[in-house]
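Below is one structure, written out as structure tokens; comments come after it.
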Amino acid sequence: MNTEKQPNQWHKMGFTRRSFLKASSLGYLALEAGGSLAWAKTGKSSNELVRVGVIGCRNKGYNVLREILRTGRALCVAMCDVDDEVLQRRAAELKKETGQSPKLYVDFRKMLENPEIDAVIVGSPDHWHCLHAVYAMEAGKDVYVEKPLANSIHECNLIAAAAQRYGRVVQVGQQQRSGDVWNGLMDYLKSGALGGLRRVNCWANFAYGAGAPKVPDTAVPEGVDFRLWLGPAPERTFNASRFHGNWRHFWDYGGGLMTDWGVHLLDMALWAKDITEEPTKVSGFGMNLSGLDRARETYDTQSVLYQMDDFLIQWQQNGGIERGPYEKSYGVEYVCDGGTIVADREDWTLYPEGKETDTEQAEAFKLRSGRSDMDLHANNFLDCVLSRKLPNCSVEIGRNVALYAHFGNVLARTGAGSLDWDATQQQFVGHAPANGLIVPDYHHGWKLPAV
Ligand SMILES: NC(=O)c1ccc[n+]([C@@H]2O[C@H](COP(=O)([O-])OP(=O)(O)OC[C@H]3O[C@@H](n4cnc5c(N)ncnc54)[C@H](O)[C@@H]3O)[C@@H](O)[C@H]2O)c1
């Protein structure tokens, strides 16, 4: 396998929307004849079906694929995973659930050469998002990329630049942007009914944040292309506690709770005031204080404070435990003059500051479509693939909040205490160790994509 070969010719392969629709139409009819398909009952014209491929099928990638297929507006034509057991298992599940038999790939570069694919779901670990998303766009595909947008500040910038250069639709997997709870809440906060918003506290306390139990290195499991799993990350012997799912706790592949949940919840703070600017003043610390028998580099105990123009945002994470403020393991608390709101993905509650706060008015802002965040987010992606409009969680929204989250890890990893960010220079002011974490080193012949 030549990992140095960059697929920069893909965007020149003459793939057009017209040829997609034609292929879509033919494929649809063939599949329809072959089995009892959920979407066959929707009455959708085949021209409205979007053909998707997925990279990384074990957990969230497959979950997103299912949501997209459940809309009745898409077909799966390709699945890719570097673990053959995962790939075969998910392909069999898909066949059973939908009757579909997509083409299967180990190497995403081969998958992206497939002109049938209109949109790609990126469900790989974070250290792969940049290469998978940028090359998918270069090949003319729209992209649903999981959060955090990428595993470093620079890679986030590259994905955003690629979306602009190639004119592709990008939905970032922060599904809360499409959900009822948060949309109703944002409308209420922005109505001004509670007066000024002074502070937003976000917290994520999860047992999994302590990492997996430590285990010895072993041989690479049969059927796993470990070189292609590592990709741009440094060479390592195989260790299960750094592999499927557990990669989150190691800097080479992920950013711990800070980026895993940080992008979901900090985004709910930024959205409350429609903040599109990058953070400028941040302070924070991170430490590993418990569960030292677990396998992780990321922090179990971490706090970050963002100084905004007219309010404060605060982040707290506690890995290894599940209890948190208001009996919630995660949540967002909005402290306003007229009362405090506490929200999670299920609901939000107003704690009025005084009797004059109208709690019934707040209730009236609640949206209750009965549809899940993922259902709404998947449908919004497909709407935008067809209309070419900006999705609910655009690449810029995903990029900006990922920077907020990455800054927390830069602070903790360097022990800087506080940092100022120069958005024009894309540099931390006067802090070489922090600046050293902006651009990742790529290994195994992979290069940061030229966008
Ligand atoms: N939006 C959400 O609520 C949500 C929830 C969970 C995970 N996620 C995100 O989804 C992504 C995946 O997380 P996960 O929990 O599914 O991880 P996972 O480790 O369970 O699955 C990742 C899959 O990607 C495969 N893979 C790795 N490198 C690959 C490559 N080069 N080509 C093809 N396949 C490759 C792995 O073999 C594995 O099957 C992460 O970015 C994560 O943050 C988002």
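Remember, predicted model here, so these are calculated numbers, not experimental data. Note that ligands are numbered from 1 as they come in the structure, with each ligand's atoms numbered from 1 the same way.
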Proximity winner for [atom], if only heavy atoms of [options] are counted:
atom                    : options                        : value
atom 43 (O) of ligand 1 : Met374, Arg345, Lys147, Glu146 : Lys147
atom 6 (C) of ligand 1  : His129, Arg248, Arg109         : Arg248
atom 35 (C) of ligand 1 : Asn246, Val82, Asn151, Leu230  : Val82

Under 4.0 Å from a heavy atom of [X]: give me the atoms of ligand 1 that qualify, with their elements.
X      : result
Leu228 : 30 (C), 31 (N)
Asp260 : 43 (O)
Ile55  : 32 (N), 33 (C)
Gly245 : 18 (P), 19 (O), 20 (O)
Gly173 : 1 (N)

Give me the ring orientation class for [X] and [Y]: parallel if the planes are under 30° apart, tilted from 30 to 60°, perpendicular past 60°.
X      : Y      : result
Trp446 : Trp128 : perpendicular
Tyr404 : Tyr306 : tilted
Tyr144 : His377 : perpendicular

May I ask you to identify the nearest protein heavy atom to [atom], giving residue, atom name and distance to one decimal place in Å?
atom                    : value
atom 12 (C) of ligand 1 : Gly123 O, 3.2 Å
atom 17 (O) of ligand 1 : Trp247 NE1, 3.5 Å
atom 21 (O) of ligand 1 : Arg58 CB, 3.6 Å

With sequence neighbours left out, write down each residue that passes side-chain contact (heavy atoms from CB on, under 4.5 Å) with Lys103, or none if nothing qualifies.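 Scan of Lys103 (side-chain contact (heavy atoms from CB on, under 4.5 Å), adjacent residues dropped) gives Tyr105, Asn114, Glu116.
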Is it possible for you to check whether Arg242 lies under 6.0 Å from the centre of the six-membered ring of Phe250, through NZ or CZ, and within 45° of that ring's axis?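 The answer is yes; both the distance and angle limits are met.
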Check the pair Asp142 / Gln171 against side chain to side chain donor-acceptor pair (under 3.5 Å), numbers first and verdict last. CA-CA 9 Å; Asp142 294 326; Gln171 174 85 293; over 6 Å; no
Taking only distance into account, with no hydrogens and no angle test, what donor-acceptor pairs under 3.5 Å do side-chain atoms of residues 202-211 form with protein atoms, sequence neighbours excluded?
{"unit_1": "Trp203", "atom_1": "NE1", "unit_2": "Lys328", "atom_2": "O", "d": "2.8"}
{"unit_1": "Asn205", "atom_1": "OD1", "unit_2": "Asn318", "atom_2": "N", "d": "3.2"}
{"unit_1": "Asn205", "atom_1": "OD1", "unit_2": "Asn318", "atom_2": "ND2", "d": "3.0"}
{"unit_1": "Asn205", "atom_1": "ND2", "unit_2": "Arg323", "atom_2": "O", "d": "2.6"}
{"unit_1": "Tyr208", "atom_1": "OH", "unit_2": "Asp260", "atom_2": "OD2", "d": "2.7"}
{"unit_1": "Tyr208", "atom_1": "OH", "unit_2": "Trp261", "atom_2": "NE1", "d": "3.3"}

Closest approach of Ala362 to Leu350 (non-hydrogen atoms, all atoms of both residues):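 Looks like CB-CD2, 3.8 Å.
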Sub-3.5 Å N/O-N/O distance, Gln175 and ligand 1: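 By distance alone, the answer is yes.
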